[in-house]
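None of these values were measured; they are calculated from a predicted model.
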Amino acid sequence: MKKIEAIIKPFKLDEVKEGLTAIGAHGLTVTEVKGFGRQKGHTELYRGAEYVVDFLPKIKIEVVIADEMVEAAIEKITSAASVGKIGDGKIFVIPVEEVVRIRTGERGQEAI
């Protein structure tokens with residue numbers, strides 16, 4: 001099993017969610033986050049004064065899936081979240097040792 005964490009632009013959330021559910025991802029967690037990468041924020045003008053906005057609003061999606069679904073999930077996230085510009089986001093793939101469903105005690109693939 002793998003945990004996929006994707007940092008994307010907020011307005012791309014619905015497209016990514018639809019793509020992941022289309023390949024059979026049963027659940028995901030979404031968190032509103034702020035951060036920056038290469039784009040390093042931007043400057044804005046407020047009441048005549050220019051200031052730097054370092055941390056940009058992003059969405060973090062977390063989903064745990066079976067190993068054989070990883071490439072399909074990466075493809076769906078990439079195609080749905082991309083606008084072809086800097087700041088499109090990142091995808092991280094992390095190994096998961098164990099999953100336990102609290103309600104039933106199921107473990108492993110059955111708990112996903």
Closest approach of Ala6 to Ile77 (non-hydrogen atoms, all atoms of both residues): CB-CG2, 4.0 Å
Within-4.5 Å side-chain heavy-atom neighbours: Leu13 and Ile61: yes
Report the distance from atom OG of Ser79 to atom CD of Glu15, rounding to the nearest 0.5 Å. 9.0 Å
Kindly give the heavy-atom pair with the smallest separation between Lys9 and Val83, and that separation in Å. NZ-CG2, 3.9 Å
Atom NZ of Lys76 and atom CD1 of Ile4: how far apart are they, to the nearest 0.5 Å? 13.0 Å
Verdict with reasoning, Ile8 to Asp88, per side chain to side chain contact (heavy atoms under 4.5 Å, CB included): CA-CA 6 Å; Ile8 62 169; Asp88 275 353; over 6 Å; no
Minimum heavy-atom separation for Ala81 and Val16, please, with both atom names. CB-CG2, 3.9 Å
Can you confirm whether more than 12 heavy atoms, excluding those of Lys12, are under 6.0 Å from its NZ atom? yes
Using the rule given for side chain to side chain contact (heavy atoms under 4.5 Å, CB included), can you reason through Lys34 versus Leu56, listing the C-alpha separation, both sets of side-chain angles and the distance that settles it, and then say yes or no? CA-CA 5 Å; Lys34 291 185 179 197; Leu56 301 173; over 6 Å; no
Could you check whether any side-chain N or O of Thr78 sits under 3.5 Å from a backbone N or O of Glu75, counting only pairs where one atom can act as donor and the other as acceptor? no
Is the shortest distance from a Lys or Arg side-chain nitrogen in Glu5 or Lys3 to a carboxylate oxygen in the other one below 4.0 Å? yes
How close do Ile23 and Ala72 get, counting heavy atoms only, and between which atoms? CD1-C, 4.0 Å
Passes side chain to side chain contact (heavy atoms under 4.5 Å, CB included), Ile59 versus Val33? Steps please. CA-CA 6 Å; Ile59 294 291; Val33 295; over 6 Å; no
Over all heavy atoms of both residues, which pair between Ile112 and Ala66 is shortest? Give the atoms and the distance, please. CD1-N, 4.4 Å
So for atom NZ, which belongs to Lys2, do other residues, nucleotides or ligands contribute more than 12 heavy atoms lying within a distance under 6.0 Å? yes
For side chain to side chain contact (heavy atoms under 4.5 Å, CB included), just list the numbers for Lys58 and Lys60, CA-CA rounded to whole Å, side-chain angles, deciding distance to a tenth of an Å, and then say yes or no. CA-CA 7 Å; Lys58 300 288 183 178; Lys60 179 179 175 181; over 6 Å; no
Do Val70 and Val64 share a hydrophobic cluster, counting only Ile, Leu, Val, Met, Phe, Trp and Tyr and linking them when any side-chain heavy atoms are less than 4.5 Å apart? no
Considering only distance and modelled atom types, tabulate donor-acceptor pairs under 3.5 Å from the side chains of residues 91-106, sequence neighbours left out.
from, atom 1, to, atom 2, distance (Å)
Glu98, OE2, Gly108, N, 3.2
Arg101, NH1, Glu106, OE1, 2.7
Arg101, NH2, Ala111, O, 3.0
Thr104, OG1, Glu106, N, 3.3
Thr104, OG1, Glu106, OE1, 2.9

